[in-house]
2 protein chains.
Amino acid sequence: MSMASRTNSGTPASNDRLWDSVVGNDLSFRLARANALSLAGVHAALAEYDLRVRSYSVLAIAAEGSRPSQRELSEFLRLDPSQIVALVDDLESRGLVRREPDPQDRRANVLVATDGGRELFRAARAASRRAEQEFLAPLGALGAPLDAALRMLAGAPDAD
Amino acid sequence: MSMASRTNSGTPASNDRLWDSVVGNDLSFRLARANALSLAGVHAALAEYDLRVRSYSVLAIAAEGSRPSQRELSEFLRLDPSQIVALVDDLESRGLVRREPDPQDRRANVLVATDGGRELFRAARAASRRAEQEFLAPLGALGAPLDAALRMLAGAPDAD
DNA sequence: TATTGTTATACTCTATAACTATA
DNA sequence: TATAGTTATAGAGTATAACAATA
């Protein structure tokens, strides 16, 4: 049965009996494991640019000119406002983004990428996409339904 | 936790423009966000039993009689051996699992659940499954392809 | 009075290196 | 020499409370 060829290169065959357990058949567990593997690939790709997944996300949104407030970033990325402060501090100290005062609300900052930030983002985005596509390659036609399912589970607005 | 608005009617509409970005359209990001929401639900369900997702996973595998070594758990759960030590220490101190010497390799321990451990596992499994099903409910027919896709991405052995 | 950004703190998670006893 | 388990430690991620400036 499970002696067939595996997508799991390098792992001892003895683990098959662990996969055949409640945990191994748990969708939450597979989701967590897939996410860990995905993160590892993207993280390795971004390391070359001294970016982590979280700082890349902040830089990406700023680089696209969305002009988000830190509060909006906090909600969207599911990070505490205090974590956004640390992320923006780091990116700003590296000259990749700027805090600009929001003319409509002087309490709020609006995040803008510098030219250097946009340039770094473009390179990092290419590397990130290569890693993602390599990770998703074995999926084949399952890619589309996975995308639709994750869109729902992640709470994204309805697709057009 | 409850900010995963289905139709996004509760969240400020301004976030829609963040979803419409490179990050929001990134499958890795959606995977991470879906995983975070899934984990939050399971975590809340397991908290009643003083279990975390990790300790639940170890307890579950032990309770099913797989008699795993700590090394096998380390590979399967993608945790460092030293983390397994801490998890097993905790479960053993609570009388839920026992370390038994492996007669074939005196370096290795084999993990066995106690009667109390099996009992707690059954209750925790029921709660965990309720949380998972609630989380997956909106998927409908997308559940099956999601399961197949995650099985591949997680590196599970081929289905029978 | 409520909200934005900030500081501070603590706790969990993750990663690594070194040690021991066995193989 | 290599492996299973253990100990120790440091860094990253997460959660919370309190505060100043502004709404």
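Just so we're on the same page: letters track the sequence lines, and every chain starts at 1.
In this structure, B:Ser74 contributes its side chain and B:Leu79 its backbone to a donor-acceptor pair below 3.5 Å. Between the side chain of A:Gln133 and the backbone N or O of A:Arg130, no donor-acceptor pair lies under 3.5 Å.
Distance A:Asp102 CG to C:dG5 P: 9 Å, rounded to the nearest Å. For the pair A:Arg52 CZ and D:dT14 C1', the interatomic distance rounds to 15 Å; values are reported in whole Å. For the pair B:Leu79 CG and D:dA4 P, the interatomic distance rounds to 16 Å; values are reported in whole Å. To the nearest angstrom, P of D:dG5 lies 13 Å from CD of B:Glu92. In this structure, B:Gln83 places its CD atom 9 Å from P of C:dC13, rounding to the nearest Å. A:Asp89 places its CG atom 15 Å from the C1' atom of C:dT4, with the value rounded to the nearest Å. One can place CG of A:Leu87 at 12 Å from P of D:dA12, the figure rounded to the nearest angstrom. In this structure, B:Asn35 atom CG and C:dC13 atom P are separated by 13 Å, rounded to whole Å.
Within 4.0 Å of B:Arg99, counting heavy atoms only, lie sugar-phosphate atoms of the nucleic acid but no base atom. Residue-level contact check: B:Asp80 touches the bases, meaning some heavy atom is under 4.0 Å from a base atom.
B:Ala63 approaches B:Phe121 most closely through the heavy-atom pair CB-CD2, 3.6 Å.
In the set D:dT14, D:dA4, D:dT16, the nucleotide with an atom closest to the side chain of B:Arg71 is D:dA4. Checking D:dA23, C:dT16, D:dT6 against every side-chain atom of B:Pro81, the shortest atom distance belongs to D:dT6. Distance from the side chain of A:Arg54 is smallest to D:dT14 among C:dG5, D:dT14, C:dA23. Of the candidates D:dG13, D:dA23, C:dT6, the closest approach to any side-chain atom of A:Gln70 belongs to C:dT6. Taking the side chain of A:Ser82 as heavy atoms from C-beta on, and the options C:dA8, C:dT22, C:dT3, the nearest nucleotide is C:dA8. Each of D:dG5, C:dT22, D:dA12 was ranked by its minimum atom distance to the side chain of B:Arg107; first place goes to C:dT22.
Distances shown here put a side-chain N or O of B:Arg106 below 4.0 Å from the OP1 or OP2 atom of C:dA23.
With salt bridges taken as basic N to acidic carboxylate O contacts below 4.0 Å, one links B:Arg30 and A:Asp147. Using a cutoff of 4.0 Å between basic side-chain nitrogens and carboxylate oxygens, A:Asp89 and A:Arg99 are scored as salt-bridged.
Where B:Ser69 and A:His43 meet DNA chain D, the nucleotide closest to each residue was compared, and B:Ser69 sits on the side nearer the 5' end.
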